[in-house]
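Data block below; observations after.
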Amino acid sequence: MDLLSKDELRTLMEKLEGPCVSIFMPTYRTSPETKQNTIRFKNLLRGAEERLRAYGLRMVEVKKLLKPAKALIKDSIFWQYQRDGLAAFISPEVFRYYRLPLHFEELLVVTNRFHIKPLLNLFSNDARFYILALSQNRVRLFECTRRSVNEVNLKGVPRSLGEALKYAEPEKQLQFHTRTPKGTGVRAAIFHGQGVGIDDNKDNILRYFRQIDHGLRELLREERAPVVLAGVEYLLPIYREANTFFHLMDNGIVGNPEGVRVEELHEQAWGIVEPYYLKEQQEAAAQYRQWTGSERASNDIKLIIPASYDGQVDLLFVAVGIQQWGTYDPETLTVHLHPEAEPGDEDLLDFAAINTFLNGGRVYAVEPEKIPDKAPLGALFRY
């Protein structure tokens with residue numbers, strides 16, 4: 001599983017029966033470091049065993065719960081194809097794992113719900129974006145963060161103009177043959193008209209791009225990360241005409257992407273999206289500071305927890321890498337904080353993030369020092 005949708009995230013956020021094991025770990029992509037991936041995962045599962053026993057499960061129940069995850073250890077192919085981080089979620093009802101473009105700190109959490117705070121950067125502020133590299137001969141989609149780039153396996157998307165027009169009326173198709181450019185061993189398609197004018201050529205490309213747009217909407221669904229186009233200059237406005245994905249960036253990478261290294265595309269795209277992300281987070285922080293000292297803003301966890309549960313939080317800054325253990329009783333509106341995890345506890349920072357997200361608020365999961373007033377939580381209330 002490589003793409004984590006909002007629907008899947010919401011499923012993970014639901015409170016389930018029985019203990020929930022959440023595992024986050026960094027992963028290596030190249031040998032011999034890849035061997036460390038299985039060792040780290042095995043050690044984390046061993047730690048999960050101990051915590052599940054402390055949770056009250058019998059050993060036979062622990063083994064049954066962790067069996068699917070332990071089977072993954074022996075899957076050598078799986079471990080050869082990793083990204084920057086692995087997240088795994090195990091409960092009596094669920095076993096899911098995601099290879100993601102995020103570098104996680106190693107973390108094991110066993111509580112009565114899944115721990116999802118490290119995943120929120122995929123849906124908020126970790127400078128996550130896509131590059132859509134277009135040409136008449138090829139289409140590629142790359143999922144990126146500031147430090148990583150990974151090609152997405154496209155399903156339901158035509159791979160070329162020829163494929164898109166395969167079933168079109170013959171007189172409306174562009175004909176093509178192949179030649180081998182100098183200095184390469186690759187045969188490139190050359191499109192030419194058979195009684196086809198410039199307008200017909202554009203119409204065919206537009207039809208091709210509309211098929212791409214339709215396929216991407218099905219693939220990305222509720223995705224909010226921005227998309228940067230890469231392609232020769234005359235293709236970009238045609239794709240914008242076909243586009244129904246409103247997170248397409250105004251600026252694109254001009255030039256044929258087929259001969260450009262992925263790393264170079266990533267660098268150019270980052271130059272386009274970096275101001276977008278900096279502006280978004282800076283505006284959120286300024287909005288929070290504007291109301292600091294009033295009843296609309298607070299860093300008091302005992303106020304924020306019930307407000308997040310009731311859907312009152314419009315904007316939340318939450319610290320990653322730390323936990324605040326405790327419980328919340330919605331009947332009495334009581335928040336109990338504990339210095340160490342006790343039976344029945346959960347990370348209340350995670351609790352606030354989950355409920356803010358589910359209630360339509362904006363969540364910025366950031367390092368503690370990046371929260372406007374340096375507290376573990378900072379919230380701006382809707383009312």
Side-chain angles (χ1 to χ4, degrees), residues 129-144 149-221 223 225-273 276:
F129 59 97
Y130 290 90
I131 302 170
L132 180 58
L134 297 167
S135 75
Q136 296 186 37
N137 301 318
R138 191 180 184 191
V139 56
R140 292 174 295 164
L141 181 69
F142 299 97
E143 183 185 23
C144 309
V149 54
N150 297 279
E151 186 164 359
V152 176
N153 183 24
L154 292 176
K155 296 179 181 178
V157 176
R159 300 302 179 92
S160 67
L161 177 60
E163 181 179 324
L165 303 182
K166 189 184 299 181
Y167 302 108
E169 297 176 26
E171 64 273 14
K172 292 185 179 180
Q173 286 192 40
L174 285 183
Q175 305 300 314
F176 64 91
H177 63 272
T178 61
R179 66 171 173 81
T180 303
K182 291 182 179 179
T184 74
V186 180
R187 296 185 68 80
I190 301 175
F191 292 87
H192 59 87
Q194 184 176 334
V196 180
I198 293 174
D199 290 339
D200 294 308
N201 186 16
K202 180 187 173 181
D203 287 344
N204 279 307
I205 294 172
L206 185 59
R207 186 180 300 116
Y208 167 43
F209 285 169
R210 281 176 174 156
Q211 290 184 36
I212 293 173
D213 176 72
H214 177 75
L216 291 182
R217 287 194 68 87
E218 288 296 312
L219 180 67
L220 301 179
R221 296 186 183 179
E223 178 64 71
V227 177
V228 177
L229 286 181
V232 294
E233 190 169 6
Y234 77 90
L235 290 180
L236 301 189
I238 301 176
Y239 189 85
R240 294 185 188 282
E241 185 178 340
N243 175 63
T244 57
F245 191 82
F246 63 91
H247 296 293
L248 197 66
M249 298 295 289
D250 291 335
N251 295 328
I253 302 169
V254 178
N256 188 344
E258 290 187 45
V260 180
R261 293 185 305 111
V262 172
E263 293 78 11
E264 187 176 339
L265 287 176
H266 179 253
E267 183 179 352
Q268 292 183 63
W270 171 245
I272 293 170
V273 301
Y276 166 86

If you look at every heavy atom in [X] and [Y], which pair is closest and at what distance?
X	Y	result
Val273	Pro226	CG1-CG, 4.4 Å
Glu151	Arg140	OE2-CG, 3.3 Å
Asn256	Val260	O-CG2, 3.5 Å
Pro257	Ala230	CG-O, 3.8 Å
Ile131	Leu265	CD1-O, 3.7 Å
Ile205	Ile238	CG2-CG2, 3.9 Å

Who pairs with [X] by side-chain contact (heavy atoms from CB on, under 4.5 Å), at least two apart in sequence or on another chain?
X	value
His247	Arg224, Phe245
Leu236	Leu229, Val254
Asp250	none

Hey, could you give me the [atom1]/[atom2] distance between [X] and [Y], rounded to the nearest 0.5 Å?
X	Y	atom1	atom2	answer
Asn251	Ile272	CG	CD1	5.5 Å
Asn137	Glu163	CG	CD	12.5 Å
Leu220	Tyr130	CG	OH	5.0 Å
Ile253	His266	CD1	NE2	10.0 Å
Asn153	Glu143	CG	CD	12.5 Å
Leu206	Arg210	CG	CZ	4.0 Å

- ring-ring contact (aromatic ring centres under 6.0 Å, His included) against Tyr239, all qualifying residues, sequence neighbours excluded: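 Checked Tyr239 against ring-ring contact (aromatic ring centres under 6.0 Å, His included); matches are Phe209.
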
- Contacts of type ring-ring contact (aromatic ring centres under 6.0 Å, His included), residue Tyr208, not counting sequence neighbours: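 Partners of Tyr208 under the ring-ring contact (aromatic ring centres under 6.0 Å, His included) test: none.
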
- Query: Do Arg207 and Asn204 have a side chain donor and acceptor closer than 3.5 Å?
  - Reply: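 Yes, Asn204 and Arg207 have a side-chain donor paired with an acceptor closer than 3.5 Å.
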
- Heavy atoms of other groups near Glu233 CD, more than 12 under 6.0 Å: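 It does not: Glu233 CD has 12 such atoms or fewer within range.
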
- Query: Who passes salt bridge (charged side-chain N to carboxylate O under 4.0 Å, His left out) against Glu218, sequence neighbours left out?
  - Reply: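 Result, salt bridge (charged side-chain N to carboxylate O under 4.0 Å, His left out) vs Glu218: none returned.
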
- State whether the side chain of Arg217 and the backbone N or O of Thr244 hold a donor-acceptor pair below 3.5 Å, judged by distance alone.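 Yes; judged by distance alone, with no hydrogens or angles, the pair exists.
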
- With a 4.5 Å limit on heavy-atom distance, are the side chains of Ile212 and Pro158 in contact?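 SC-SC contact between Ile212 and Pro158 confirmed.
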
- Message: What I'd like to find out is whether the side chain of Val157 reaches to under 4.5 Å of the side chain of Leu219, using heavy atoms alone.
- Response: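 Val157 does not reach Leu219 side chain to side chain.
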
- Task: For Leu132 and Leu248, run side-chain contact (heavy atoms from CB on, under 4.5 Å): C-alpha distance rounded to whole Å, both residues' side-chain angles, the deciding distance at 0.1 Å, then the answer.
- Result: CA-CA 10 Å; Leu132 180 58; Leu248 197 66; 5.7 Å; no

